[in-house]
Each structure stands twice: as C-alpha cells, then as structure tokens.
J.: 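Below are the structure tokens for one structure; questions will follow.
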Amino acid sequence: AMNSREPDAYTRALKLFTASVIKPDHDLRSLASDYHCYEELMEIRYHCLTYLQSLKEIHAIDSPDESDKLEAEKIVLEKAAAAGDLLISQ
C-alpha cells in the first residue's frame, strides 16, 4: 500500500519498475534466444507492460496533466503493440 507521508512514492516506484521492464536487457534476450523462448519472453514482457499500465491507471492522481500523460503513454503502448514494436528486439 501507499505510504501516507509520500503519496507519490508508489507512482514513482511504478514508473521506475516500468522503465526496468521497457529497458532492453541484451543478455537476457540472448539467453532467451539460446533457450529457444525469445518470442515467449517478449509476449510475457508485453503482458507485464499491459498490467503495469493498468496499475498506473488505478493509482493515477486526478490532476488533468497526470491523466493526460497517462493516456498518452497508454496510446503509445497500444500503438506499439498493434505495430508489433513491443515484440521486436531493441
């Protein structure tokens, strides 16, 4: 749960964790390729990003700027997913 003294701490932690999922891990991707499970790894990554986006929406601050930013991030993720960009090695 969120720390009442730092209501934005959860949001910051969520953004950091999301960034860690988005950041390409070349060693991990190479291992997945060696183990013949690269596509599965990218599918799991996509599902994690989708779930993290839902957490952002659940815990979003009701300010218009924050909502606009979250909606823009969601649209970028949806467009990337539709284009298959989330499944391509970065």
Side-chain angles (χ1 to χ4, degrees):
M2 294 176 28
N3 181 344
S4 60
R5 291 173 38 195
E6 280 261 12
D8 294 334
Y10 185 91
T11 301
R12 288 193 304 270
L14 187 56
K15 287 180 181 182
L16 286 171
F17 188 79
T18 301
S20 76
V21 174
I22 290 172
K23 182 179 178 181
D25 182 335
H26 300 292
D27 292 335
L28 180 65
R29 291 178 185 199
S30 178
L31 277 174
S33 182
D34 291 346
Y35 291 146
H36 307 286
C37 61
Y38 179 82
E39 293 298 322
E40 293 80 1
L41 179 70
M42 293 297 101
E43 180 181 343
I44 293 167
R45 176 180 178 265
Y46 171 76
H47 290 300
C48 288
L49 289 170
T50 301
Y51 176 68
L52 291 169
Q53 182 62 37
S54 72
L55 287 179
K56 283 182 185 180
E57 292 170 3
I58 290 168
H59 295 283
I61 299 171
D62 288 336
S63 73
D65 293 339
E66 183 70 17
S67 295
D68 291 344
K69 183 178 178 184
L70 290 172
E71 191 60 30
E73 290 173 3
K74 181 179 176 183
I75 290 168
V76 167
L77 277 177
E78 289 172 351
K79 285 183 179 180
D85 291 346
L86 292 177
L87 300 177
I88 297 172
S89 176
Q90 298 179 354

J.: Check whether T18 reaches the backbone of L14 with its side chain - one donor and one acceptor, N or O, closer than 3.5 Å.
T.: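 Indeed, once roles are kept as given, a pair shorter than 3.5 Å links the two residues.
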J.: With a 3.5 Å distance limit and no angle check, can you tell me whether D25 reaches the backbone of L28 through a side-chain donor-acceptor pair?
T.: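 Yes; judged by distance alone, with no hydrogens or angles, the pair exists.
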J.: Identify every side-chain donor-acceptor pair in residues 47-55 under 3.5 Å, counting partners at least two apart or on other chains, and give the distances.
T.:
| residue | atom | partner | partner atom | Å |
| --- | --- | --- | --- | --- |
| T50 | OG1 | Y46 | O | 3.0 |
| S54 | OG | Y51 | O | 2.6 |

J.: Do V21 and L31 share a hydrophobic cluster, counting only Ile, Leu, Val, Met, Phe, Trp and Tyr and linking them when any side-chain heavy atoms are less than 4.5 Å apart?
T.: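 No, separate clusters.
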J.: Do R45 and I22 touch side chain to side chain, with heavy atoms closer than 4.5 Å?
T.: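 When only atoms from C-beta onward are counted, I22 and R45 do touch, with a gap below 4.5 Å.
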J.: What residues join I44 in its hydrophobic cluster, counting side-chain heavy atom gaps under 4.5 Å, either direct or through other members?
T.: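 I44 shares its hydrophobic cluster with no other residue.
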J.: What's the separation between atom CD in E39 and atom CE in M42, rounded to the nearest 0.5 Å?
T.: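 Here the rounded value is 8.5 Å.
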